[in-house]
Amino acid sequence: MRVLVTGGAGYIGSVVTAQLLAEGNEVVVVDDLSTGHRDAVAQGAVFHEFPISGLDPVLGDWDIEAVIHFAAKSLVGESAQNPALYWRNNVVGTVALLDSMHAHGVDRIVFSSSAATYGEAEQQPIREDAPTRPTSPYGASKLAIDLALRDYAEAYSIAAVSLRYFNVAGALHTTGGQSYGERHATETHLIPNALRAAAGAGGPLSLFGTDYPTEDGTCVRDYIHVVDLADAHLRALSAGAPGEHEVINLGSGTGYSVRQVLDAVRLGTGSEVPVVEAPRRAGDPPVLIASNEKAAAVLDWHPTRDLAAMIDDSWRFEQLT
Ligand code: UDP
């Protein structure tokens, strides 16, 4: 299949691009390199550096059969400071992409949505029919796109799948010696920050909130390996039918507290993780755990890599960068 990957120079997009190529697909990557890295785009992909809003004049020339759409701003804190950036870049940018797809007869899209669309869910694990009450402009922008996809799918006979990720970690290390992982200039995620603290780089880890209503007082999250996540995208490419929009959660179905993750990082690296306890981070819900029953039913997808594998693979990647 000939696939357009927007944001293919980013963390998850680069892993999906490498996996698509490994399975014999042709891949065109569009990325404005605002947060991605040119050298993260796997060899064999055709690369174009521009924003998704610039696709319309060229999309018709590329014979694209499906789009996997990652290109987005993705920092929750930044979105609260600068919501206009998130509404313009994520929402307006995606509507432009959908209009280009419609104009050029591209009728299949897999979208990188987020558990942030649910906000503080009342019931765990979170099913896809849970209420959507995002607590940040980032989550709101992802939800707005999910709603646009529903309408475009129905009216314009597009097959659309929104994959709502929980907490993604790990890296891809190929048998050919290539590695793809998380290289954010502003790193907000727990596992890479804990690994850096364990390596003695950048000072101790700030542990945000120890008074949550959870067993050990720290937030509980559902971690999923980026290679399992990529596998779900490849499956989603052939799921769904024209006119249908599916929303599918991607998580392991199991929660780990921040302290449990820090213990796993200590075990995986053999180093202590220096920690300073800090106040809660605004907008962090106490618990987020995915129901992955729909992913199993619709995509026949089952996560196969555990937290220790995520930490090992991320640790190997950290040592390369
Ligand atoms: N966290 C932390 N210190 C950090 C980064 C994250 O204590 O440097 C906590 C954060 O408050 C949350 C959990 O780790 O409870 C997971 O945060 P992350 O940013 O990795 O993912 P999120 O759940 O926000 O998408």
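Atoms within each ligand, like the ligands themselves, are counted from 1 in listed order.
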Considering only the protein, which heavy-atom contact is closest to [atom], and what is its distance?
atom: atom 15 (O) of ligand 1; answer: Cys219 CB, 2.9 Å
atom: atom 11 (O) of ligand 1; answer: Asp284 OD2, 2.6 Å
atom: atom 22 (P) of ligand 1; answer: Asn167 ND2, 3.4 Å
atom: atom 23 (O) of ligand 1; answer: Arg221 NE, 2.7 Å
atom: atom 1 (N) of ligand 1; answer: Phe208 CD1, 3.8 Å
atom: atom 19 (O) of ligand 1; answer: Arg281 NH2, 2.9 Å
atom: atom 20 (O) of ligand 1; answer: Leu190 N, 2.8 Å
atom: atom 9 (C) of ligand 1; answer: Val258 CG2, 3.9 Å

Salt bridge check: are [X] and [Y] linked by an N-O gap of less than 4.0 Å?
X: Asp231; Y: Arg235; result: yes
X: Glu65; Y: Arg108; result: no
X: Lys294; Y: Glu246; result: yes
X: Glu215; Y: Arg259; result: no
X: Arg305; Y: Asp313; result: no
X: Arg38; Y: Asp31; result: no

**Message:** Quick check on side chain to side chain donor-acceptor pair (under 3.5 Å): which of Arg133, Arg164, Glu128, Arg127 does Tyr118 satisfy it with?
**Reply:**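 Only match with Tyr118 under side chain to side chain donor-acceptor pair (under 3.5 Å): Arg164.
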Atoms in ligand 1 with a heavy atom of [X] nearer than 4.0 Å:
X: Leu207; value: 7 (O)
X: Ser206; value: 2 (C), 3 (N), 4 (C), 7 (O), 8 (O)
X: Thr188; value: 5 (C), 6 (C), 19 (O)
X: Asn193; value: 8 (O)

**Asked** Any N or O of Tyr223 that comes nearer than 3.5 Å to an N or O of ligand 1?
**Response**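 The answer is no, given that Tyr223 and ligand 1 share no N or O pair closer than 3.5 Å.
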**Message:** With nothing but distance in play, are any N or O atoms of Ile191 less than 3.5 Å from an N or O of ligand 1?
**Reply:**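 No; every N/O pair is 3.5 Å or more apart.
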**Asked** So is Gly209 close enough to ligand 1, meaning a heavy atom under 4.0 angstrom away?
**Response**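 Under 4.0 Å: no for Gly209.
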**Same apolar cluster: Phe208 and Val265, side chain cutoff 4.5 Å** =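 Phe208 does not cluster with Val265.
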**Asked** Quick one: does ligand 1 sit under 4.0 Å from the side chain of Thr218, the backbone, both or neither, non-hydrogen atoms only?
**Response**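 Answer for Thr218: neither.
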**Request:** Could you pull out all residues at least two apart from Tyr165 that satisfy ring pair (Phe, Tyr, Trp, His ring centres under 6.0 Å)?
**Result:**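 Ring pair (Phe, Tyr, Trp, His ring centres under 6.0 Å) check on Tyr165 returns His233.
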**Request:** Determine whether Asp222 and Asn292 make a side-chain contact, defined as any pair of heavy atoms from C-beta on separated by less than 4.5 Å.
**Result:**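 Side-chain contact under 4.5 Å: no.
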